[in-house]
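These numbers come from a predicted model, not from an experiment. Per chain, numbering begins at 1; letters A, B, ... match sequence-line order.
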Number of protein chains: 4
Amino acid sequence: MGAGETSTDDEVPSRNAIMDATYRALAKHGYADLSMQDIADEFEKSRSLLHYHYDTREDLILAFVDDLIGWIGSELEKTGTEDPRTRLIEYVDRFTLGERDRRRGFVVALFELRLQAPHNRKLREKLTKHYQRNVDTAAGIIEDGIEAGVFEPVAPREIAEHIYSSMQGAAFHEVVLGAEGATRRMRDGLLEYIVGELVVVPALLESAFDEKSDL
Amino acid sequence: MGAGETSTDDEVPSRNAIMDATYRALAKHGYADLSMQDIADEFEKSRSLLHYHYDTREDLILAFVDDLIGWIGSELEKTGTEDPRTRLIEYVDRFTLGERDRRRGFVVALFELRLQAPHNRKLREKLTKHYQRNVDTAAGIIEDGIEAGVFEPVAPREIAEHIYSSMQGAAFHEVVLGAEGATRRMRDGLLEYIVGELVVVPALLESAFDEKSDL
Amino acid sequence: MGAGETSTDDEVPSRNAIMDATYRALAKHGYADLSMQDIADEFEKSRSLLHYHYDTREDLILAFVDDLIGWIGSELEKTGTEDPRTRLIEYVDRFTLGERDRRRGFVVALFELRLQAPHNRKLREKLTKHYQRNVDTAAGIIEDGIEAGVFEPVAPREIAEHIYSSMQGAAFHEVVLGAEGATRRMRDGLLEYIVGELVVVPALLESAFDEKSDL
Amino acid sequence: MGAGETSTDDEVPSRNAIMDATYRALAKHGYADLSMQDIADEFEKSRSLLHYHYDTREDLILAFVDDLIGWIGSELEKTGTEDPRTRLIEYVDRFTLGERDRRRGFVVALFELRLQAPHNRKLREKLTKHYQRNVDTAAGIIEDGIEAGVFEPVAPREIAEHIYSSMQGAAFHEVVLGAEGATRRMRDGLLEYIVGELVVVPALLESAFDEKSDL
DNA sequence: CATGAATGAGTTTTCATTCAT
DNA sequence: TATGAATGAAAACTCATTCAT
């Protein structure tokens with residue numbers, strides 16, 4: 001009873017504290033070994049209190065996923081520009097830059113949750129939607145760029161998907177398998193592609209290039 | 001102690017059967033929910049026998065990882081050609097083609113195991129080595145191609161890493177997040193890159209292209 | 001982790017009930033065959049509750065030993081006299097008298113626990129201390145008696161050790177090997193020694209004895 | 001079938017090796033933690049072979065007790081003298097002297113087995129008999145001494161029991177509870193008693209003593 | 001809100017024992 | 001004799017969850 005209906009509240013301080021504790025516990029133990037006790041240990045309160053706020057463990061996890069996804073979404077929307085070129089680069093940077101260690105736990109936690117998707121319908125629905133939103137965001141930027149004539153006329157969704165998958169693959173290898181710098185290298189590769197192939201070269205410049213290449 | 005030395009034996013029929021059962025159980029339940037009982041359920045013999053062959057659950061998992069890695073390695077080596085271009089395409093195909101449903105469980109299982117790496121040193125060592133071997137294989141092919149003059153003079157390890165990460169990222173999204181066809185699309189994109197940018201265009205053809213593009 | 005800090009609390013009703021249950025289970029099954037289930041069977045609550053209060057079987061056993069030792073210590077201190085002769089006899093009686101059957105299980109249980117000492121450091125430390133305290137108690141009484149001039153000037157620690165070892169040896173044989181009455185006979189022998197050899201015979205009495213023996 | 005009837009053979013080399021292995025395993029792990037595997041580990045052969053020779057674990061333990069008891073009995077009979085005084089001292093020495101570490105494991109092992117007696121009828125019968133034989137041996141020596149006029153006319157069984165219990169009590173404390181030297185001190189005390197109180201002082205000597213004490 | 005106590009189902013692991021070879 | 005493989009029962013321990021306070 002009481003607040004046990006797993007509502008979507010944010011303002012409740014305990015709930016936020018639980019989300020934070022869950023994040024820390026997840027980073028520390030990994031999803032496969034994550035117990036309610038582990039979360040309670042990161043929280044300063046008792047195990048029972050977790051159940052007061054979330055009826056079941058699954059409820060808590062699902063709420064945590066909502067929390068995480070919401071946070072990513074809000075990060076992604078921050079921008080002060082309209083220029084598709086800048087926005088696309090910001091998009092890539094958002095997924096690839098950041099203090100290494102702060103990123104690490106976060107990325108691992110997100111991958112762990114995603115890997116539960118194949119075994120949990122509710123989780124799958126939430127995360128599938130999240131993935132699509134992420135790709136859509138990039139696709140939207142690319143479409144805008146094409147319309148504005150600053151990007152070549154590529155297939156927006158496919159290019160967006162490529163960009164997103166590549167970044168995620170690199171993050172996975174860096175964070176999970178110790179491929180130090182893989183994310184950074186992937187970012188550089190993607191920027192090279194964006195600047196070198198996706199962005200339309202103004203006629204003036206292009207002719208300049210052609211002349212150069214003639215040499 | 002019995003036979004629990006966790007050796008690398010094949011030949012022992014029960015051990016192979018256990019590896020198979022583990023594979024099926026892992027695909028069915030996911031790593032986080034994988035119990036010895038789940039494995040025993042996929043096995044025709046008793047639960048105790050699992051412990052007769054592998055002292056602990058962890059030993060069994062590690063043996064399974066060895067098994068899996070060994071199998072992937074042997075698949076990767078199969079080729080009848082010397083031509084770097086063909087070999088690189090084969091490499092990509094090996095990670096991206098295959099009957100969809102047979103792949104699915106396998107890919108998920110492997111990702112799940114990889115995500116345990118940050119929390120388990122032994123696993124991390126095995127999988128890190130495996131990742132490096134996979135990238136090295138591609139890098140080797142690219143080097144061969146550059147030496148043979150059929151590939152442009154790129155940085156082999158970086159390109160190899162890009163290719164591998166991209167494929168893995170696409171597989172992750174397809175299999176885990178329901179991005180149907182993402183692997184296939186990524187393959188096509190990579191082949192386009194290989195054929196269109198990596199492979200050296202013979203002078204003759206090149207001028208032909210130039211002429212064409214003039215039209 | 002819960003309340004598993006294995007503290008020395010009494011007051012907690014469950015903990016006391018667990019100690020009692022352990023005592024009964026130990027007397028019934030013997031240490032070598034003592035399972036958590038056996039203890040739970042003597043307990044009115046569930047098996048899990050044992051683990052709630054004591055993280056491991058070993059913790060429970062160690063707590064039980066503390067409990068037992070504390071109880072013996074408090075028994076040993078009960079006396080209303082200052083006279084070393086009476087106190088020494090009380091000391092002997094405390095270890096040798098008592099309703100036979102109530103003692104039986106208790107003595108066996110304590111011997112069983114002691115025999116784990118060679119294989120368990122923590123147990124050894126506790127029990128070694130207990131043994132020394134028991135011998136020290138007797139040695140203290142003897143010292144007091146010597147100082148007070150009521151005991152002959154013997155070596156207190158050695159006599160104390162002899163008394164204690166003899167009583168324990170007799171108890172062992174009676175309770176473990178069916179030497180009925182051995183404890184009682186040892187008590188009588190010890191009293192004979194105390195009265196006849198340890199206690200100083202006042203000169204007056206002594207001459208009386210001499211005269212008697214002259215007859 | 002076969003040799004599985006748990007017969008009393010000695011000549012079978014394997015059986016002797018098993019008894020030795022059992023002894024070592026018992027000294028190493030303690031009775032409460034003694035598994036068939038532990039015995040097999042000390043043996044150089046397989047666990048199954050233990051069951052070939054002894055149908056059950058209990059059979060093996062009982063056979064081991066027979067073995068141990070027989071060995072002690074044969075040690076106790078070794079003597080080259082008829083003099084009850086010497087024989088009694090030899091008796092005491094047999095239980096109290098010997099290289100400390102060789103004794104240690106042996107004594108612990110025997111005590112551990114004895115403590116199973118209250119929980120196992122067959123064991124109890126064997127060990128009770130053994131205990132009585134040991135006490136009877138001493139009682140016999142004392143009786144012989146009394147008859148021969150070299151010992152005071154004491155109650156043989158009671159004195160024998162006192163001697164035996166005291167020695168065992170001291171051994172227990174030394175070996176189990178770390179009372180270093182307790183056995184040796186008890187031996188000295190017992191010899192003092194034998195020489196000073198049990199042995200008849202020839203009239204001549206006695207008067208000499210009396211004169212001395214007159215001083 | 002918050003907790004400690006309590007539970008039952010389930011987990012990994014151990015172990016004596018059996019059996020085919 | 002001797003073994004490795006196999007098993008079922010039971011062991012210790014974990015854990016999400018409930019409940020009275």
Check: C/Glu112 side chain, C/Tyr31 main-chain N or O, donor-acceptor pair, under 3.5 Å
yes
Measure from NE2 on A/His51 to C1' on E/dA5 and round the result to the nearest Å.
15 Å
Does A/Tyr52 put a side-chain nitrogen or oxygen below 4.0 Å from OP1 or OP2 of E/dA2?
no
Whole-Å distance between F/dT14 C1' and B/Gln37 CD?
17 Å
Evaluate the ring planes of B/Trp71 and B/Phe106, with Trp represented by its six-membered ring, and classify them as parallel (under 30°), tilted (30 to 60°) or perpendicular (over 60°).
perpendicular
Checking B/Arg15 side chain against B/His53 main chain: does a donor-acceptor pair fall under 3.5 Å?
yes
Straight-line distance of C/Lys45 NZ to C/Leu50 CG, nearest 0.5 Å:
11.0 Å
Working for side-chain hydrogen bond (donor to acceptor under 3.5 Å, both in side chains), residues D/Asn120 and D/Glu58:
CA-CA 10 Å; D/Asn120 181 319; D/Glu58 203 198 351; 3.0 Å; yes
Once you round it to whole Å, what is the distance between C1' of F/dA6 and CE of B/Met36?
15 Å
Does any N or O in the side chain of A/Asp67 come within less than 3.5 Å of the main-chain N or O of A/Phe64, such that one atom is a donor and the other an acceptor?
no
Can you check whether B/Asp41's main-chain N or O pairs, donor with acceptor, with B/Arg24's side chain at less than 3.5 Å?
no
Is any side-chain N or O of C/His53 closer than 4.0 Å to OP1 or OP2 of E/dA6?
yes
Can you list, in residue-number order, the parts of residues 38-50 of chain C that come under 4.0 Å of DNA chain E, counting heavy atoms only?
C/Lys45, C/Ser46, C/Arg47, C/Ser48, C/Leu49
Shortest side-chain distance from D/Thr56, nucleotide among E/dT17, F/dA2, E/dT14
E/dT17
C/Asn16 CG to E/dA5 P, straight-line distance once rounded to whole Å:
13 Å
Could you tell me the separation between the CG atom of A/Leu34 and the P atom of F/dT14, rounded to a whole number of Å?
16 Å
Side chain to side chain contact (heavy atoms under 4.5 Å, CB included) against C/Lys126, all qualifying residues, sequence neighbours excluded
C/Leu62, C/Val65, C/Asp66, C/Ile69
What base-paired stems does DNA chain F take part in, with at least 3 consecutive Watson-Crick or G-U wobble pairs and both distances under 3.5 Å?
E:2-21 with F:2-21
note: C/Arg15, atom CZ; E/dA6, atom P; distance rounded to Å ~ 11 Å
Output for pair (D/Lys129 NZ, D/Arg124 CZ), nearest 0.5 Å, gives 13.0 Å
Find which nucleotide of DNA chain F each of A/Asp33 and C/Ser35 is nearest to by heavy atoms, and output the residue with the more 5' nucleotide.
C/Ser35
Interatomic distance where NE2 belongs to D/His29 and P belongs to E/dC15 [whole Å]
10 Å
Taken to the nearest whole Å, CZ/B/Arg57 to P/F/dC13 is 19 Å
